[in-house]
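Position 1 is the first residue of the sequence, and the numbers go up from there. When a ligand or atom number is given, it counts from 1 through the structure's own listing order. Computed from a predicted structure; not experimentally measured.
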Amino acid sequence: MSNQIQPVRGMNDVLAGDIAVWQFVERAATELLTAYGYEEMRVPVLEQTQLFKRAIGEFTDVVEKEMYTFTDTGGDSLTLRPEATAGMVRAAISNGLLRGARLKVWCIGPMFRHEKPQKGRYRQFHQVDVEAIGFAGPDVDIELIALTARLWRKLGVGRVKLQINSLGTVESRRAYRELLQEYFRAHRGELDVDSLRRLEGNPLRILDSKNADMQALIAAAPLLTEHLDAESAEHFAALRAGLDALAIPYAVNPRLVRGLDYYSRTVFEWTTDALGSQDAVCSGGRYDGLISQLGGDATPAIGFAMGVERVVELVRQVGTASAARPPDIYVIAQGDVALRAALVAAEQLREALPQRVVHVNLGGGNFKAQFRRADKSGASFALVIGDEEIARGMASWKALRGESPQRQLDLNDLPAQVEAAVRDQSAALTN
Ligand code: ATP
Ligand code: MG
């Protein structure tokens with residue numbers, strides 16, 4: 001077995017047995033986003049490295065240590081996207097979609113970060129990413145958070161809590177940044193290596209540190225909320241009033257700064273106590289400065305990303321997704337002539353009854369073996385075609401669950417007779 005090729009560490013296969021939950025989550029998100037007026041957009045997984053450096057910020061964990069960056073054969077530095085907002089905004093600019101327009105768009109797909117793999121933290125993971133571009137808020141901030149709250153209800157997920165904060169404008173952050181720098185400089189001896197590097201480059205990033213030894217120092221640092229500019233304070237008050245009006249519970253967390261540099265004013269995060277230490281399931285915020293930073297006209301915007309793997313795990317725990325659908329009809333045939341007739345019959349059924357799941361026994365086997373497979377597939381009914389039946393222009397119909405008597409169906413009127421048999425016998429089963 002030593003010559004087996006191993007999967008890439010931290011990158012998972014989603015197997016057929018797990019797909020029902022994934023599809024349930026994806027379908028719920030698609031339906032909800034459509035209902036709120038968002039349209040899907042698809043953007044590349046690879047972008048110029050410079051895009052992420054400029055958008056996310058040089059002094060972030062993502063850019064400093066987590067990006068999959070390589071030089072392609074043409075000599076360009078490319079990076080597998082670690083998040084979707086930068087690419088979505090780049091696409092809006094590249095395609096001339098902004099120009100005063102308003103855009104409500106979303107995407108879903110894999111993101112890549114070279115992190116330490118553990119439960120709930122992978123190197124390839126998936127996000128549902130939602131962006132409202134051209135809206136200054138706070139109305140859109142409130143609606144976007146309401147959308148996420150409704151998504152949890154639709155998924156049947158209960159153990160999630162909302163935290164919000166305001167980061168102010170770039171200008172109010174500058175004044176706060178100096179305060180923070182002063183504070184951390186006074187405690188230089190207590191800073192870890194990462195924080196020392198960030199002290200001069202971007203001291204706000206120190207607040208985002210996950211190092212347990214740093215937490216007491218961070219807890220005593222000056223609060224950004226106390227240094228908000230008047231307009232941001234007003235925006236934040238309106239956000240809170242809106243959430244109150246919608247009866248969406250939240251906690252104000254003045255330490256919530258988020259891991260990417262482009263945020264301003266509103267930031268929010270949904271966390272759960274059901275997944276252990278990887279507790280963030282959905283996070284986002286306003287990024288009013290990002291679009292001009294990437295070369296577009298200054299445009300306010302807000303967005304969020306939901307971690308699909310973590311939400312799939314929450315849904316699995318509560319069991320709201322239905323299991324994969326077993327076949328309605330399993331077609332059994334023995335003999336060359338019968339097999340051909342079975343394939344024809346199955347196509348007729350798929351054409352006339354597209355809502356029915358029809359499996360044909362593939363790979364031969366005697367009747368006994370085929371019935372065993374039919375049973376294992378979880379099918380409700382077997383349609384049996386043998387040379388003897390064909391000679392009479394008939395097929396046998398057998399309920400695989402319950403006690404209904406076997407029937408003979410006319411091959412020339414198959415779909416109608418099958419539908420009638422399914423209806424009668426399903427009714428008999430549930431009575
Ligand atoms: P965390 O604090 O868990 O590292 P983050 O702040 O880096 O999360 P974002 O960049 O805001 O996360 O991404 C949005 C969501 O994507 C997160 O809330 C989380 O659910 C999910 N996510 C982020 N990184 C990973 C990962 N490596 N594996 C699985 N899901 C992830
Ligand atoms: Mg992270």
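Glu269 places no side-chain N or O within 3.5 Å of a backbone atom of Ser283 that could act as its donor or acceptor partner.
Residue Arg310 places a heavy atom under 4.0 Å from ligand 1. Residue contact check for ligand 1: Glu115 places a non-hydrogen atom closer than 4.0 Å to it. At a 4.0 Å cut-off, at least one heavy atom of Gly120 sits close enough to ligand 1 to count as contact. Contact annotation: Glu83 has no heavy atom less than 4.0 Å from any atom of ligand 1.
Of the options Tyr263, Trp270, Phe125, Phe304, the smallest heavy-atom separation from atom 31 (C) of ligand 1 is shown by Phe125. For atom 12 (O) of ligand 1, the choice among Lys210, Lys119, Arg113 with the nearest heavy atom turns out to be Arg113. Closest to atom 20 (O) of ligand 1 by heavy atom, among Ala280, Ala84, Ser283, is Ala280. Atom 1 (P) of ligand 1 has its nearest heavy-atom neighbour, among Arg123, Arg121, Glu269, in Arg121.
Those atoms of ligand 1 with a heavy atom of Gly307 less than 4.0 angstrom away are 15 (C), 16 (O), 20 (O), 21 (C). Counting atoms of ligand 1 from 1 in the listed order, those under 4.0 Å from a heavy atom of Ala305 are 14 (C), 15 (C). The Val281 neighbourhood of ligand 1 comprises atoms 18 (O), 20 (O), with distances under 4.0 Å to a heavy atom of that residue.
Side-chain contact between Ile164 and Asn253 is absent, with no heavy-atom pair separated by less than 4.5 Å. Val384 is not listed as a side-chain neighbour of Val331, based on a closest heavy-atom distance of 4.5 Å or more. The closest side-chain heavy-atom distance from Lys65 to Arg113 is not below 4.5 Å.
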### Query
Yes or no on side chain to side chain contact (heavy atoms under 4.5 Å, CB included) for Arg177 and His227, after CA distance, side-chain angles and deciding distance?
CA-CA 10 Å; Arg177 184 192 144 115; His227 301 276; over 6 Å; no
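In this structure, the separation between OG1 on Thr266 and NE2 on His235 is 3.5 Å, given to the nearest 0.5 Å.
Judged by a 6.0 Å distance limit and a 45° cone about the ring axis, Arg373 is not positioned over the six-membered ring of Phe371.
With a heavy-atom cut-off of 4.0 Å, Met111 does not touch ligand 1 at all.
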Could you pull out all donor-acceptor pairs under 3.5 Å where a side-chain atom in residues 17-30 meets a protein atom, sequence neighbours excluded?
| from | atom 1 | to | atom 2 | distance (Å) |
| --- | --- | --- | --- | --- |
| Asp18 | OD1 | Arg316 | NH1 | 3.3 |
| Thr30 | OG1 | Glu26 | O | 2.7 |

